[in-house]
Amino acid sequence: MKLDAKIPKGPVAQKWTTYKAHQNLVNPANKLKLDVIVVGSGLAGAAAAASLGELGFNVLNFCIQDSPRRAHSIAAQGGINAAKNYPNDGDSIYRLYYDTIKGGDYRAREANVHRLAEVANDIIDQCVAQGVPFARDYGGLLDNRSFGGAQVSRTFYARGQTGQQLLLGAYSALSRQIEKGKVKMYTRREMLDLVIIDGKARGIIARNLVSGEIEKYAAHAVVIATGGYGNVFFLSTNAMGCNGSVAWQCYKRGAAFGNPCYVQIHPTCIPVSGDYQSKLTLMSESLRNDGRIWVPKNKEDAEAIRVGKLKPTQIKEEDRDYFLERRYPAFGNLVPRDVASRAAKERCDAGYGVGETGLAVYLDFASSIQRLGKHVIEERYGNLFQMYEKIVDNNPYETPMMIYPAIHYSMGGIWVDYELQTTIPGLFAAGEANFSDHGANRLGASALMQGLADGYFVLPYTIQNYLSAEIRTPRFSTDRPEFEETKKAVEARITKLLNIGGKHSVDYFQKKLGHIMWNKVGMGRTKEGLEEAIKEIKSVRKEFWNDVRVMGTAREFNPELEKALRCADHLELGELMARDALLREESCGGHFREEHQTPDGEALRHDDKFMYVSCWEYTGEDSEPIKHKEPLNYEEIVVAQRNYK
Ligand SMILES: Cc1cc2nc3c(=O)[nH]c(=O)nc-3n(C[C@H](O)[C@H](O)[C@H](O)COP(=O)(O)OP(=O)(O)OC[C@H]3O[C@@H](n4cnc5c(N)ncnc54)[C@H](O)[C@@H]3O)c2cc1C
């Protein structure tokens with residue numbers, strides 16, 4: 001496998017300008033002859049499909065929901081970053097780029113991150129032009145709030161519904177292209193494999209989720225924007241439909257998988273309450289602007305709270321441990337997510353946790369309500385407070401919220417070069433699906449920024465560099481043997497799953513996998529734990545293929561079959577995540593190897609050995625994958641131990 005990141009030459013701040021000045025373009029007449037498949041219509045996919053349609057390409061856009069508006073992006077609450085510096089608090093493109101690299105624990109590609117910081121401001125302008133109702137301050141300027149890992153306020157927001165509003169904007173742009181005939185929308189279609197002809201991505205095989213029909217689609221290039229793989233852990237803040245399947249299919253067809261072990265654990269989620277649960281709910285990071293995180297200072301108080309003998313409001317101020325403010329005075333409650341999550345786990349493991357299970361800490365708004373008034377807090381976070389009360393049946397205006405870390409985002413994903421092209425020519429990946437710009441830890445409000453940057457501002461340029469060499473390639477017929485063979489392989493897999501007729505539901509296996517992943521590939525990882533995880537996942541996989549029971553038939557609406565196909569992929573992907581975590585013998589960002597920590601419990605990197613992206617190559621079902629390395633060179637930024645103190 002050949003890895004070429006294709007980073008343009010020159011100073012980091014000039015690379016994107018240089019690239020755009022020298023890339024090859026496709027002229028308007030030739031664009032009409034070229035087809036692009038975009039799989040996914042969340043923020044990254046919808047932005048890419050709309051922009052490519054606007055440019056004149058013929059776009060085929062796929063999603064599993066009944067409407068692009070239901071993509072998981074709609075769940076994003078807190079906001080989107082950009083370095084506009086409206087509050088005049090010292091922000092700049094450099095600072096956004098620096099914070100992102102540092103936040104990712106110096107494991108992201110410098111050139112990509114700088115480009116991201118550069119185009120972030122354009123996203124805000126684009127979205128405002130679309131009518132996205134960002135919050136405004138008294139003077140009418142767009143308002144900003146703070147997110148973790150930054151000392152400036154650079155997060156643009158629309159109450160606690162930023163993703164929804166941004167998606168409605170992208171959906172409007174997409175709808176315009178659908179109406180013009182430049183984008184053909186295929187809803188309720190699930191991509192099940194990638195078709196390669198002469199080494200290039202030329203199409204996909206998809207299942208019509210309503211009729212069960214297996215369909216073939218051809219194009220000159222394929223863009224994957226299918227989101228993240230947090231649901232490998234079963235319980236996560238991701239929507240139930242989120243899956244790592246498309247990334248996995250591409251990996252098995254030859255695309256390198258980048259940093260599979262980097263997943264993000266978000267500190268502020270509603271704690272797990274029982275075994276029957278299938279979903280976790282996020283309480284947006286924006287709440288850390290005004291909420292203070294604490295646990296009781298005394299173990300006896302924590303115990304009394306756990307058994308219901310004491311209420312949090314009865315704990316005196318001097319008996320509270322605001323542990324983030326204590327440990328990280330410079331950033332306080334706004335340390336990055338990995339740091340905040342580990343600190344909460346440390347307190348709970350030490351016996352100071354609250355809630356019935358002892359696996360929760362408080363997020364308290366009392367002092368902000370006193371300072372600002374209840375109406376201000378309600379204006380800022382009203383919908384989040386309401387959601388919390390509905391789920392937990394506690395009024396967070398009166399008693400502190402209880403929160404605990406949960407799986408939230410995948411920084412790993414399909415490896416892409418500077419052009420967002422994978423190791424398969426003609427296959428591109430955008431948004432959370434690619435291994436992206438966040439290194440080992442993503443800062444809050446940077447996923448929306450990256451997805452929209454990829455879709456609106458990066459791909460429309462870079463894909464042309466590839467397509468300019470395809471203008472003489474005629475359209476492919478889907479009757480070609482490559483399409484037929486791939487379709488047959490998909491059908492055979494479905495038949496195999498339906499014929500097992502075992503005893504257990506798909507959820508039984510996904511849950512089993514999730515337990516292994518959370519306990520051994522989760523917040524704290526060890527060599528022994530990871531070795532055990534690899535063995536255990538293999539054994540669950542074997543059991544799955546012998547004993548899963550998938551009801552219904554192939555040719556009908558069959559959600560159980562959809563889950564089974566995804567679970568089968570997760571059972572393989574989970575193993576690669578554990579393998580990657582095992583070989584990365586250092587701690588960085590969200591990847592915390594307990595053997596590698598500083599005396600005060602912080603992540604301890606080993607830059608001399610691990611300053612690279614792990615890029616995994618598939619070698620077949622029964623053989624071990626090969627690990628390649630993309631070295632990370634920092635030309636502009638001085639690499640240092642992360643410090644938020
Ligand atoms: C609760 C929550 C809150 C968040 N809040 C924020 C925030 O405030 N700020 C921020 O920056 N980030 C936030 N994030 C992260 C952010 O929302 C996501 O990273 C981002 O929206 C992902 O966008 P995407 O377009 O890459 O993927 P998605 O929005 O997940 O879209 C994936 C698309 O792929 C399609 N798809 C998937 N599989 C297939 C298949 N096999 N075939 C066809 N189509 C397929 C889906 O139908 C969908 O259209 C939040 C995440 C969560 C879980």
Side-chain angles (χ1 to χ4, degrees), residues 37-49 61-81 120 123 145 147 155-158 160-167 170-171 174 185-194 204-207 209 217 223-231 236-239 241-250 264 266 268-270 279-286 337 384 387 406-411 413 429-434 436 438 442-452 454-455 562 565-566 569:
I37 284 176
V38 178
V39 189
S41 57
L43 283 174
N61 191 193
F62 295 80
C63 71
I64 53 181
Q65 290 86 3
D66 58 348
S67 159
R69 282 171 311 173
R70 288 194 209 278
H72 161 65
S73 289
I74 204 158
Q77 301 169 345
I80 174 167
N81 286 332
I123 299 173
R145 56 189 175 197
F147 264 56
T155 304
F156 294 78
Y157 64 100
Q161 308 167 347
T162 316
Q164 181 180 5
Q165 298 306 326
L166 292 173
L167 192 61
Y171 177 66
L174 182 63
M185 191 71 222
Y186 295 89
T187 58
R188 289 245 168 246
R189 300 299 202 293
E190 178 153 10
M191 172 175 168
L192 291 181
D193 213 340
L194 178 74
I204 64 166
I205 304 296
R207 181 166 177 270
L209 296 179
Y217 298 93
V223 177
I224 299 302
T226 46
Y229 53 85
N231 279 350
S236 86
T237 62
N238 287 192
C242 290
N243 66 89
S245 280
V246 169
W248 197 246
Q249 292 152 24
C250 296
Q264 173 157 86
H266 198 300
T268 57
C269 304
I270 298 182
K279 173 89 189 70
L280 292 176
T281 307
L282 175 76
M283 287 286 102
S284 166
E285 178 162 321
S286 58
R337 292 173 178 177
L384 300 173
M387 191 159 80
I407 292 289
H408 180 64
Y409 182 86
S410 36
M411 282 80 66
E432 196 175 337
N434 70 26
S436 92
H438 310 293
R442 173 175 72 79
L443 290 184
S446 286
L448 302 184
M449 171 172 74
Q450 183 231 328
L452 289 179
D454 288 358
E562 292 167 32
L565 286 159
R566 295 172 198 159
D569 293 333

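What you are looking at is a predicted structure, and each value in this text was computed from that prediction instead of being measured. Read the numbers this way: they start at 1 and go in the same order the structure lists the ligands and their atoms.
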Side chain to side chain contact (heavy atoms under 4.5 Å, CB included) against Arg188, all qualifying residues, sequence neighbours excluded
Asp66, Leu209, Val210, Phe557

Scan side-chain atoms only and decide if Asn81 and Ser446 contain a donor-acceptor pair under the 3.5 Å cut-off.
yes

Testing the 3.5 Å rule here: is there a donor-acceptor pair between the side chains of Glu562 and Asn243?
no

Measuring from each atom of ligand 1, which residues have a heavy atom under 4.0 Å away?
Val39, Gly40, Ser41, Gly42, Leu43, Ala44, Phe62, Cys63, Ile64, Gln65, Ala71, His72, Ser73, Ala75, Ala76, Gln77, Gly78, Gly79, Arg189, Glu190, Met191, Ala225, Thr226, Gly227, Thr237, Asn238, Asn243, Val246, Leu282, His408, Tyr409, Gly431, Glu432, Arg442, Ala445, Ser446, Ala447, Leu448

Under 4.5 Å between any side-chain heavy atoms of Arg189 and Ile64, yes or no?
no

Expected output: side-chain Lys279 to main-chain Ala239 donor-acceptor under 3.5 Å
no

Interatomic distance, Ile80 atom CD1 to Phe156 atom CZ [nearest 0.5 angstrom]
9.0 Å

